[in-house]
2 protein chains.
Amino acid sequence: MPRKPQDENTPSKESVRARSPTMADIARLAGVSASTVSRSLAGLPEISEETRIRVERAAQEAGYKINRHARSLRLQRSAILLVLIPDLANQNYSDLLMNIDRAAFELGYGIMIGHTNVDLERPDRLADELFTGGIDGILLTSGYCPARIRSRIENGSRLPVVRTMSPTEAGSGIASVQIDEVEAAADVVRHLIANGHRRIAHLAGPMTELVSQLRRDGWRRALAEAGLPEGQDLLLPGGFHLEDGKAVARRLIAAGTLPDAIFCGNDESAFGLMTELKRSGVRIPNDIAVAGFDDLTFSQVFDPPLTTVRLPRREMAEASVLYLKQMIEGGASLEDQIVPHELIIRESSGPGSPHRDRS
Amino acid sequence: MPRKPQDENTPSKESVRARSPTMADIARLAGVSASTVSRSLAGLPEISEETRIRVERAAQEAGYKINRHARSLRLQRSAILLVLIPDLANQNYSDLLMNIDRAAFELGYGIMIGHTNVDLERPDRLADELFTGGIDGILLTSGYCPARIRSRIENGSRLPVVRTMSPTEAGSGIASVQIDEVEAAADVVRHLIANGHRRIAHLAGPMTELVSQLRRDGWRRALAEAGLPEGQDLLLPGGFHLEDGKAVARRLIAAGTLPDAIFCGNDESAFGLMTELKRSGVRIPNDIAVAGFDDLTFSQVFDPPLTTVRLPRREMAEASVLYLKQMIEGGASLEDQIVPHELIIRESSGPGSPHRDRS
DNA sequence: TTGTAGGCGTTATCAC
DNA sequence: GTGATAACGCCTACAA
């Protein structure tokens, strides 16, 4: 026998880790068999009303909670999703995560998180659990995709994997829920143009990331539509962090000439840019207009409040979790989705007349 | 027999969900028994070197991954911690969570998260898993503690539950890792005093939360030390959100008279306060000094950069996870801990001379 | 409508 | 040093 019945020699007060009741215990209490308990609690229709009530009462009184591991082992599904996130310090992702968690919960799933920028090996290891029943599906939120997952997808396996937030290349085979990055970026630039700006620069993210390329393409699209020049000096290589924005600002100041407006690849770099510009006495939007992309909480209290694109994080979270659920459970399958974005116009992109009201 | 051997009638190409190899498979491949595989992979010393190598090679080639649920069921422990978090949109918590996740991973644990402000019932339900082996311990980050957990702790049960970030009342029986909130708050106010400010107000958080009371107490302590008046009009009832800060600012403006400085209960409310003050033409720190508490990412790029207390989130995360691990595994037990805080001095708390350098 | 039995994948005890 | 075996708690095909 692999285990002593129940270490009776330490009955002290109340065992620190008292065994919690199992279905067998409830069965005994209710005077039925364990299978009847299982069926009752599962709400199967074949159970008589009287039995169901007796079982439920017994379970209630004993404080019965189902054992997740036993259930998962038996059913070969865990009702847990793995969410791969690059950086929780980025509010874009933490807010998305919160909404994913909520949406997953409402659909009967829990989540585990894997940080991809902290340790690239780790999400790979976590992703392996997809093959051992540890997790039922994977939600990607960055461009990163674990090697073993990607290779299987490329081999045609239809794994329950969905990407949201970060754009997915067409034809990659990964299901996706995203916004139209190019159009969203173009919308920002069109707004700057409508405000009277002509020389509109773009502080771009790292070109190794698809999202940076797409936002740059949107900027180009809007310029082309308006017949404005793109001039190589207007494409400012930057990045997505505060420091990147600061660095670009310093470079502009040093060069001695400013464009009319700058469309930044995201809000965070816009904060860095504006902070450094202001430090040098440049007034926003009077001397130069600035716009970002993301709509973080602080974009509205920055001085000046930042014009930006609101990422529909909640909508993307809900749609992507639902999509993933469908892939897992195999019911009526959804399709890849484009979620509408929204341009948020604030003071930073103002027309730049020196005597504007600050109502 | 509860299950058909392996649905042989759909051998199509490659089963969408091919069964992943188990220990029995590896045993067959290596020509040993399943127990030997288990012992080999666990690194038990009684296995011969030759056998261990054969097993490891077989596992490698077959791409064997252990099944988390089977293991947890057998061992009665999951190596998963539940982290209860009130709000991931608050960078304080998302940053803490990131560090908790990292620390947990390095100690061999995974985490699940439960939002407590979204749905108060949910964390309670998740916490129940502590009693069915679903999770091994709970990390509390807010004042909230699930009812069933609290009642057991009050009854003297020594559950693996640790609170960090949010202060714990003395004698509550909950293990804790925290900063000295009162001293940290007093440090901020002492700094304001040292900068020459006399009438120092406090924008307080909700008094239903212990943390608000403690920071207010620190404010009082510093004032008392310096023999400064506390004046009832200097205690400004507010809250921890942007809107609370804005509301207080509007009240101050309407009242027509400003204190020399305001110590805000946290950074976010300070942002709201400053934004609204600036909108009314008040200059910071020239007309009024402001300080906060938390040190968020944007506190350094706010205009002006905000003087605040850096919460040692990483240190708290690491210490609390380690503490929890010790409680779970029962080894040499740690003690409740006070983690050192750090005052971050930036421009917002300047002495207020109208012609200060902005070097 | 309910009970019996077998097994999900792992680990620990016992015997060799 | 290794193998057979039972058991963790649950679900379900089959029998009654």
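Keep in mind it's a predicted model, so treat the numbers as computed, not measured. Scope of the values below: all heavy atoms of this structure, side chains included, with no hydrogens, waters or symmetry mates. So you know, we letter chains A, B, ... as the sequences are listed, proteins then strands, and number each from 1.
- Distances shown here put every side-chain N or O of B:Gln76 at or beyond 4.0 Å from the OP1 or OP2 atom of C:dT11.
- Within residues 33-47 of chain B, the residues approached by DNA chain D to less than 4.0 Å at the level of any non-hydrogen atom are B:Ser33, B:Ser35, B:Thr36, B:Arg39, B:Glu46, B:Ile47, in residue-number order.
- Residues that satisfy the side-chain hydrogen bond (donor to acceptor under 3.5 Å, both in side chains) test with A:Gln60, not counting sequence neighbours, are absent from this structure.
- We find that CG of A:Leu75 is positioned 17 Å from P of C:dG7, with the value rounded to whole Å.
- DNA chain C is contacted by B:Tyr64, B:Ile66, B:Asn67, B:Ala70, B:Arg71 of residues 51-73 of chain B, taking any non-hydrogen atom closer than 4.0 Å.
- Qualifying salt bridge (charged side-chain N to carboxylate O under 4.0 Å, His left out) partners for A:Arg57, counting only residues two or more places apart in sequence or in other chains: none.
- With sequence neighbours excluded, the residues forming a side chain to side chain contact (heavy atoms under 4.5 Å, CB included) with B:Ala317 are B:Leu96, B:Asn99, B:Ile100, listed by chain and number.
- Counting heavy atoms from C-beta outward, B:Met165 and B:Tyr93 have side chains that approach closer than 4.5 Å.
- With sequence neighbours excluded, the residues forming a side-chain hydrogen bond (donor to acceptor under 3.5 Å, both in side chains) with A:Arg122 are B:Asp101, listed by chain and number.
- Looking at residues two or more places apart in sequence or on another chain, you find no salt bridge (charged side-chain N to carboxylate O under 4.0 Å, His left out) involving B:Asp87.
- For the side-chain hydrogen bond (donor to acceptor under 3.5 Å, both in side chains) test, residues two or more places apart in sequence or in another chain that qualify with B:Ser48 are B:Thr51.
- Here the C1' atom of nucleotide C:dT10 and the CD1 atom of B:Ile26 are 14 Å apart, to the nearest Å.
- Considering only residues two or more places apart in sequence or on other chains, A:Arg125 meets the salt bridge (charged side-chain N to carboxylate O under 4.0 Å, His left out) condition with A:Glu121.
- In this structure, the CZ atom of A:Arg74 is 4 Å from the C1' atom of D:dC11, given to the nearest Å.
- The overall bend of the helix from C:dT1-D:dA16 to C:dC16-D:dG1, read as the angle between its terminal helix axes built from five base pairs each, is 40° when rounded to 10 degrees.
- Applying the salt bridge (charged side-chain N to carboxylate O under 4.0 Å, His left out) criterion to B:Glu329, with sequence neighbours excluded, gives B:Lys325.
- Applying the ring-ring contact (aromatic ring centres under 6.0 Å, His included) test to residues at least two apart or on different chains, none of the pairs has a partner in residues 142-165 of chain A.
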